[in-house]
Amino acid sequence: MLGCLEPVFAGRPGYRRLYPDLPGMGASAAPPEIAGSDDVLDAVQDFVDDTLGDVPFLLVGESYGGYLARALARSRPGQVLGLALICPIGTVLDYAERSVPPRQVLRSDPDLLASTDARTADEFANIAVVQTPETLRRFRDEILVGLDVADTVAMARIRQRWALSEDPEGGAPFARPTLILTGRQDHATGYLEQFALLPHYPRATFAVLDVAGHNLQIEQPVLFDALVGEWLDRVAAER
C-alpha cells in the first residue's frame with residue numbers, strides 16, 4: 001500500500017497516513033482468538049479507536065481489506081469522509097462462486113521470468129497480467145514482501161469464518177465520495193460483483209481498467225494515480 005499510495009500523496013501535503021497490518025498479514029500477530037473476519041474487523045476497530053479516536057479520516061482498502069473497509073465505513077458513517085476500494089472482494093465471498101475472467105497474460109516476457117529466481121518468477125507469473133521489469137520490481141518490493149511475512153496458518157483459520165456477521169452494505173447507503181477500482185483481467189476478485197455494489201455507494205466512481213489484474217496499481221500506475229487523485233479532490237471539495 002505504501003508503494004502505490006505514497007507517490008499520490010507526495011504532492012499533497014497535510015495528510016497523515018496510517019498503514020496498519022491486518023492480523024496475520026504482517027507485523028500484527030493473529031493469536032487463536034482471531035478466528036474469523038469478525039475478529040479481524042474488531043482489531044481494525046480497536047486500531048482506529050486507539051490511533052484516531054473520533055477524528056474524521058479517509059479509508060482505503062485493497063482486496064480482502066476492501067471488504068473490511070466497507071464494513072468499517074458502515075459502522076462509522078459520520079467519521080469516514082471518503083472510501084477507496086482497490087480490487088476489492090465484491091458481493092460474492094467464496095472464490096469458487098465468483099464470476100471472474102480466466103487468467104490472462106497480455107504482455108508476456110519469458111526472458112524476464114527466466115532471469116528471475118524460481119520462487120519469485122512463479123508467484124509473479126501466477127498473478128501478473130503485465131510482465132515487465134518495472135512490474136516485476138514493484139511486485140518484489142510491494143507484494144512479495146507481504147507474502148513472505150504472512151501467517152498462513154492464521155489466514156487459513158480466519159478463512160473458515162470468512163463472512164462478516166453483518167453485511168457491509170446492509171445499512172444505510174454510504175453517501176460520501178467513493179472510488180471502486182477493478183481490473184478487467186483480475187482473475188482473483190473480478191469486476192462484475194463489484195458493479196453490484198453501486199446502489200449502496202451513490203457517490204462512487206466505478207472503473208474497470210483494461211490490461212490490469214489483481215495488482216492493477218502496478219500495472220496501470222498512471223490511471224491509478226489519476227483516479228485516486230481525483231477521489232482525493234472530491235473528498236476535499238466536500239470539506
Side-chain angles (χ1 to χ4, degrees), residues 1-31 33-89 142 145-146 149-151 154-155 158 162-181 197 200-205 217 224-225 227-239:
M1 299 291 281
L2 280 82
C4 67
L5 291 177
E6 283 304 296
V8 175
F9 288 105
R12 293 175 178 267
Y15 288 88
R16 179 189 183 194
R17 283 91 67 197
L18 301 172
Y19 295 96
D21 287 321
L22 295 177
M25 301 185 190
S28 301
E33 55 265 29
I34 302 292
S37 290
D38 284 338
D39 303 314
V40 176
L41 179 60
D42 287 345
V44 176
Q45 297 277 21
D46 290 343
F47 175 83
V48 174
D49 288 337
D50 292 343
T51 58
L52 293 173
D54 59 359
V55 174
F57 61 93
L58 310 184
L59 185 57
V60 183
E62 181 179 2
S63 194
Y64 173 62
Y67 179 50
L68 298 175
R70 286 152 46 201
L72 194 64
R74 173 188 172 174
S75 68
R76 298 170 183 259
Q79 192 174 6
V80 177
L81 300 181
L83 176 66
L85 306 173
I86 306 166
C87 298
I89 291 175
E142 301 173 27
V145 291
V149 297
D151 184 340
M155 291 174 67
I158 293 166
W162 197 232
L164 291 164
S165 296
E166 294 186 343
D167 180 1
E169 284 72 48
F174 181 78
R176 293 269 176 80
T178 302
L179 175 65
I180 305 173
L181 296 178
L197 298 174
H200 189 75
Y201 302 95
R203 296 290 310 284
T205 290
Q217 71 273 19
F224 177 84
D225 290 356
L227 289 165
V228 174
E230 191 277 336
W231 168 67
L232 291 171
D233 289 342
R234 284 191 285 135
V235 174
E238 297 288 309
R239 298 299 304 273

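Keep in mind it's a predicted model, so treat the numbers as computed, not measured.
Considering only residues two or more places apart in sequence or on other chains, Ser75 meets the side chain to side chain donor-acceptor pair (under 3.5 Å) condition with Gln45. Ala175 meets the side-chain contact (heavy atoms from CB on, under 4.5 Å) test with Pro202; sequence neighbours excluded. For Asp225, the salt bridge (charged side-chain N to carboxylate O under 4.0 Å, His left out) test picks out no residue, with sequence neighbours left out. In terms of the side-chain contact (heavy atoms from CB on, under 4.5 Å) criterion, residue partners of Asp21 (sequence neighbours excluded) are, by chain and number, Ala27, Ser28. Qualifying salt bridge (charged side-chain N to carboxylate O under 4.0 Å, His left out) partners for Glu62, counting only residues two or more places apart in sequence or in other chains: none. Every residue two or more places apart in sequence or in another chain that forms a side-chain contact (heavy atoms from CB on, under 4.5 Å) with Arg176 is listed here: Leu81, Phe174. With sequence neighbours left out, the ring pair (Phe, Tyr, Trp, His ring centres under 6.0 Å) criterion links Tyr15 to Phe9. In this structure Tyr64 satisfies the ring pair (Phe, Tyr, Trp, His ring centres under 6.0 Å) test together with Trp162, sequence neighbours excluded. In this view, Phe57 satisfies the ring pair (Phe, Tyr, Trp, His ring centres under 6.0 Å) rule with no residue, not counting sequence neighbours. Applying the side-chain contact (heavy atoms from CB on, under 4.5 Å) test to Ala35 and every residue at least two apart in sequence or in another chain returns Asp39, Arg161. Here Glu142 pairs with Arg138 under the salt bridge (charged side-chain N to carboxylate O under 4.0 Å, His left out) rule; sequence neighbours left out.
Within the structure, every pair that satisfies the salt bridge (Lys or Arg N to Asp or Glu O under 4.0 Å) test and touches residues 45-54, not counting sequence neighbours, is listed here: Asp49-Arg76.
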